[in-house]
Engineer: 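First the structure, then my questions, so here it is.
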There are 2 protein chains.
Amino acid sequence: MASATSFPRQQPLLQLLQQTDGELSAQELHQRLRATRHSTGLATVYRVLKQLQQAGLVRCRKLPSGEAVYAPVDRDEHHLTCVQCGLIQALPLCPISSGSLGLGAVLLQGFRPLFHTFEIHGLCSRCQQHEIAGDE
Amino acid sequence: MASATSFPRQQPLLQLLQQTDGELSAQELHQRLRATRHSTGLATVYRVLKQLQQAGLVRCRKLPSGEAVYAPVDRDEHHLTCVQCGLIQALPLCPISSGSLGLGAVLLQGFRPLFHTFEIHGLCSRCQQHEIAGDE
DNA sequence: GCTAGAACGACAACCATTCTCACTCTTGGG
DNA sequence: CCCAAGAGTGAGAATGGTTGTCGTTCTAGC
Ligand SMILES: [Mn+2]
Ligand SMILES: [Mn+2]
Ligand SMILES: [Zn+2]
Ligand SMILES: [Zn+2]
């Protein structure tokens with residue numbers, strides 16, 4: 001198998017993601033790798049993240065700020081994000097696993113799914129209160 | 001109601017989104033508005049998009065390229081995106097409406113949902129074939 | 001060893017978005 | 001009406017995450 005030897009940066013990066021609770025951005029990964037003996041250029045961090053994504057090992061989502069955060073693909077986590085203050089809270093539910101929704105192959109038309117994102121955007125309870133105070 | 005008079009840019013922008021099939025980026029909206037009598041600065045396009053989003057009238061998602069695209073909130077559309085070539089195809093299914101998943105208020109903890117994103121990332125059939133050809 | 005090609009890193013370039021700030025428009029009190 | 005205060009706006013600068021460039025380093029295969 002060529003993958004292990006051809007891309008020596010993949011392993012340390014993947015391990016770091018697995019060891020870490022929560023999601024990491026490319027820049028954070030770059031920083032943390034610098035602190036270890038597996039220091040890696042930022043460009044390569046991005047290259048490896050794309051490889052791991054295409055290999056189905058890592059998933060990725062974009063924060064409203066624009067930065068992308070990464071996690072092992074088996075972490076099936078979703079979020080509520082406030083469109084006003086940016087607060088993010090975990091959503092203890094996955095629409096894929098909970099629904100009887102098996103994503104029949106019919107719908108996928110030959111597409112091979114690797115990961116999914118499911119994010120709800122709205123107003124957190126605190127911003128709803130401010131909204132009432134300031135009119136509505 | 002103050003909203004109609006206070007924010008005269010909201011109406012034309014919202015109408016443009018409603019008239020248009022598919023999603024539009026802020027830059028595309030800016031361009032198209034320039035062509036009408038409702039020309040609007042780019043900064044204001046972004047400002048109004050945020051207002052419409054917080055009002056629950058417009059939804060937004062980030063493309064893998066990093067740019068955000070907007071559509072009326074009632075368009076309940078999701079996508080399959082190829083992590084290799086970037087191909088996007090429509091996904092004729094919504095995990096919220098189809099599952100018996102009503103998003104019980106228990107799970108939301110006071111959060112008021114305005115819209116959601118649900119996107120599947122994977123390999124399109126064409127990229128799967130190339131992958132077979134180039135080893136695996 | 002030697003060479004071709006892949007992988008890599010430092011840095012520049014890119015570009016969507018946000019910030020700044022001077023200007024304009026609205027509005028309500030005098 | 002007139003004027004001042006405050007909100008809204010637009011042009012352009014600044015920001016910052018990501019991608020591209022390109023010379024160097026590493027790795028396989030001979
Ligand atoms: Mn899930
Ligand atoms: Mn939906
Ligand atoms: Zn909030
Ligand atoms: Zn593809």
Side-chain angles (χ1 to χ4, degrees), chain A residues 1-14 16 23-55 58-71 81 83-86 121 134-135, chain B residues 1-14 16 23-55 58-71 81 83-86 121 134-135:
Chain A
M1 176 192 299
S3 51
T5 54
S6 294
F7 300 107
R9 308 297 152 124
Q10 286 189 0
Q11 193 100 323
L13 204 157
L14 182 56
L16 183 46
E23 302 161 298
L24 291 174
S25 71
Q27 314 251 8
E28 286 167 338
L29 281 163
H30 176 236
Q31 298 256 49
R32 300 206 185 190
L33 285 172
R34 289 186 67 182
T36 73
R37 68 160 164 276
H38 303 102
S39 187
T40 301
L42 183 56
T44 298
V45 170
Y46 281 105
R47 282 191 281 251
V48 171
L49 282 171
K50 177 162 278 185
Q51 292 162 6
L52 291 173
Q53 212 173 316
Q54 294 178 0
V58 161
R59 65 169 172 76
C60 151
R61 72 182 179 105
K62 301 255 179 210
L63 300 182
S65 73
E67 71 182 340
V69 288
Y70 301 83
T81 303
V83 294
Q84 185 136 345
C85 69
H121 299 253
D135 179 14
Chain B
M1 176 191 298
S3 52
T5 53
S6 294
F7 300 108
R9 309 296 152 121
Q10 286 189 0
Q11 194 100 324
L13 203 157
L14 183 56
L16 182 47
E23 303 159 298
L24 290 175
S25 71
Q27 314 255 3
E28 286 167 339
L29 281 163
H30 175 236
Q31 299 256 47
R32 299 206 184 189
L33 286 172
R34 289 187 66 183
T36 73
R37 68 161 163 276
H38 302 103
S39 186
T40 301
L42 183 57
T44 299
V45 171
Y46 280 106
R47 281 191 281 250
V48 171
L49 282 171
K50 178 162 278 185
Q51 292 162 6
L52 291 173
Q53 212 173 314
Q54 293 179 359
V58 161
R59 66 170 171 77
C60 151
R61 73 183 177 105
K62 301 252 179 214
L63 300 182
S65 72
E67 71 183 339
V69 289
Y70 302 82
T81 303
V83 295
Q84 184 136 348
C85 70
H121 300 253
D135 180 12

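Both backbone and side-chain heavy atoms feed into the values below; hydrogens, waters and symmetry mates do not.
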Engineer: Please identify each residue that fulfils side-chain contact (heavy atoms from CB on, under 4.5 Å) with Q54(B), with sequence neighbours left out.
Structural biologist: V83(A), Q84(A), K50(B)
Engineer: Checking S39(B) now: which residues fulfil side-chain contact (heavy atoms from CB on, under 4.5 Å) with it, not counting sequence neighbours?
Structural biologist: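 Residues passing side-chain contact (heavy atoms from CB on, under 4.5 Å) with S39(B): R34(B).
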Engineer: Can you tell me how far apart CG (L24(B)) and CZ (R32(B)) are? Round to the nearest 0.5 Å.
Structural biologist: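 The distance works out to 5.0 Å.
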Engineer: Starting at atom CZ of R34(A), determine the distance to atom C1' of dC8(C), rounded to an integer number of angstrom.
Structural biologist: 16 Å
Engineer: Expressed in angstrom and rounded to an integer, what is the separation of F7(B) atom CZ from dT26(C) atom P?
Structural biologist: 14 Å
Engineer: List the residues meeting side chain to side chain donor-acceptor pair (under 3.5 Å) with T81(B), not counting sequence neighbours, and say none if there are none.
Structural biologist: none
Engineer: What residues form a salt bridge (Lys or Arg N to Asp or Glu O under 4.0 Å) with R9(B), not counting sequence neighbours?
Structural biologist: none
Engineer: Within this structure, what is the CG-to-P distance between L13(B) and dG8(D), rounded to whole angstrom?
Structural biologist: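 Taking CG of L13(B) and P of dG8(D), I get 16 Å after rounding.
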Engineer: Mind calculating the distance between CD (Q31(A)) and P (dG9(C)) to the nearest angstrom?
Structural biologist: 15 Å
Engineer: Please report the distance, rounded to the nearest Å, between CD in E28(B) and P in dC15(C).
Structural biologist: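 Distance, rounded to whole Å: 15 Å.
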Engineer: In whole Å, what is the span from the CG atom of L63(A) to the P atom of dT18(C)?
Structural biologist: 13 Å
Engineer: Given atom CG of L33(A) and atom P of dC8(C), what is their separation to the nearest angstrom?
Structural biologist: 12 Å
Engineer: How would nucleotides 10-21 of chain D be written as a contact map, 5' to 3', with B for base contact, S for sugar-phosphate-only contact and - for no contact, using protein heavy atoms under 4.0 Å?
Structural biologist: BB-----SBBB-
Engineer: Looking at residues at least two apart in the chain, or sitting in another chain, which of them share a side-chain contact (heavy atoms from CB on, under 4.5 Å) with A68(B)?
Structural biologist: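 A68(B) satisfies side-chain contact (heavy atoms from CB on, under 4.5 Å) with C60(B), K62(B), Y70(B) only.
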